[in-house]
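Values below: every heavy atom of this structure, side chains too, minus hydrogens, waters and symmetry copies. Both ligands and their constituent atoms are indexed starting at 1 by order of listing.
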Amino acid sequence: MTLRVLLLGGTSEIGLAIVGALRLPAGTQVILAGRDTQRMESAGKALADASPSGPPGWGGPRGWSVSVARYDATDVASHQAFADSVSAEGVPDLVIAATGLLIPQPLAAADVPQAASMITTNFTGHVTTLLAFAALMRARGSGTIVVLSSVAAIRPRKFNSVYGAAKAGLDAFARGLADELHGTGVSVLLVRPGFVAGRMTEGMAPAPLATTPAAVGAAVAAALDPATLRARRTGVVWVPVPLAGLATVMRLIPRPLWRKLER
Ligand SMILES: NC(=O)c1ccc[n+]([C@@H]2O[C@H](COP(=O)([O-])OP(=O)(O)OC[C@H]3O[C@@H](n4cnc5c(N)ncnc54)[C@H](OP(=O)(O)O)[C@@H]3O)[C@@H](O)[C@H]2O)c1
């Protein structure tokens, strides 16, 4: 069986780390979807060639075929057609929703269309895209959707109310979708990383329990069956695991105190 893997956010450091950690069999078709074709092509080559042996080249020693597709998370009207077109050669077995945008809150407040763009990229665009893929997977009776939520979804902070609200919306959508799809053969894996050191957080001081794209990749890979890409267990994956405990504490902090936190 040829597996098809779609990464939404084809240059995402976390998304690429997940694909790289999956140990996908030779023949797997990987589709990187996003706006920047050139960067996705070089990311695809690096992914396919990331093996210690064998000749380099597109497709690479791993024996995957890697292709790129144009996808803009903010162009919500195009998402059904995008899903149909990606699925014309086969509905993906795995969709990784890693598209994301973090604009510092003061910039978003000073330029409100940027705030809207953050909401559309981090929330609305995922809803429209994943509804379309979920319906196609459901009709086939199988598929896995990985959703990159965040610890920011747990409780909004005064420093990130827009990003946090979008992530909270996405997190709620993913949980509802998982329940809706229960028993259909389609599963949703909700991933809640904490602070991940990388391009998105460049220049920011690491938060407690900071992690890496590789650690998120390994945690997601551990939650999926490498042969079928089916979720071994559904529910929530926290990265790192102790973040689940910290999130419980975050929920319990009284609001007057929460408000005073400096970051
Ligand atoms: N980094 C963290 O600390 C952290 C923590 C928790 C959760 N997350 C979430 O994990 C996911 C991946 O984050 P990351 O760290 O891998 O960030 P990243 O490397 O900056 O990747 C973000 C991806 O989203 C794409 N993107 C942004 N706007 C888009 C649009 N309008 N249309 C299509 N693609 C668009 C970017 O494409 P371009 O290359 O074209 O910009 C890039 O591929 C995000 O959902 C993020 O919110 C991140």
Colleague: For Gly194, state whether at least one heavy atom is located under 4.0 Å from any atom of ligand 1.
Modeller: yes

Colleague: Which residue pairs pass the salt bridge (Lys or Arg N to Asp or Glu O under 4.0 Å) test with at least one member in residues 169-192, sequence neighbours excluded?
Modeller: Arg138-Glu180, Asp171-Arg175, Asp171-Arg192

Colleague: Only counting residues at least two apart or in another chain, list the ones meeting salt bridge (charged side-chain N to carboxylate O under 4.0 Å, His left out) with Glu89.
Modeller: none

Colleague: Would you check the N or O atoms of Thr99, main chain and side chain alike, for any that come under 3.5 Å of an N or O of ligand 1?
Modeller: yes

Colleague: Less than 3.5 Å between some nitrogen or oxygen of His126 and one of ligand 1, yes or no?
Modeller: no

Colleague: May I ask you to check if ligand 1 and Phe195 share an N or O to N or O distance below 3.5 Å?
Modeller: no

Colleague: Roughly how far apart are His126 NE2 and Leu177 CG, rounded to 0.5 Å?
Modeller: 13.0 Å

Colleague: Within 45° of the axis and under 6.0 Å from the centre of the six-membered ring of Trp258, does NZ or CZ of Arg155 qualify?
Modeller: yes

Colleague: Taking N or O atoms only and a 3.5 Å limit, does Arg39 qualify as a polar contact for ligand 1?
Modeller: yes

Colleague: Flag Ser150 as yes when one of its N or O atoms lies below 3.5 Å from any N or O atom of ligand 1, and as no otherwise.
Modeller: no

Colleague: Is there a nitrogen or oxygen of Asp72 sitting under 3.5 Å from a nitrogen or oxygen of ligand 1?
Modeller: yes

Colleague: At what distance is the nearest protein heavy atom to atom 15 (O) of ligand 1, and which residue and atom is it?
Modeller: Ile14 CD1, 3.4 Å

Colleague: Using a 4.0 Å heavy-atom cut-off, say whether Leu101 meets ligand 1 through its side chain, its backbone, both or neither.
Modeller: neither

Colleague: Quick one: look up the protein heavy atom nearest atom 4 (C) of ligand 1 and list residue, atom name and how far away it is.
Modeller: Val196 CG2, 3.9 Å

Colleague: Between Gly34 and ligand 1, does any nitrogen or oxygen pair lie at a separation below 3.5 Å?
Modeller: no

Colleague: Quick one: do the Tyr71 and Thr99 side chains pair a donor with an acceptor below 3.5 Å?
Modeller: no

Colleague: Is there a nitrogen or oxygen of Pro193 sitting under 3.5 Å from a nitrogen or oxygen of ligand 1?
Modeller: no

Colleague: To check your reading of the model: name the closest protein heavy atom to atom 47 (O) of ligand 1, its residue, and the distance in Å.
Modeller: Tyr163 OH, 2.7 Å

Colleague: Does Ser149 have a heavy atom less than 4.0 Å from any atom of ligand 1?
Modeller: yes

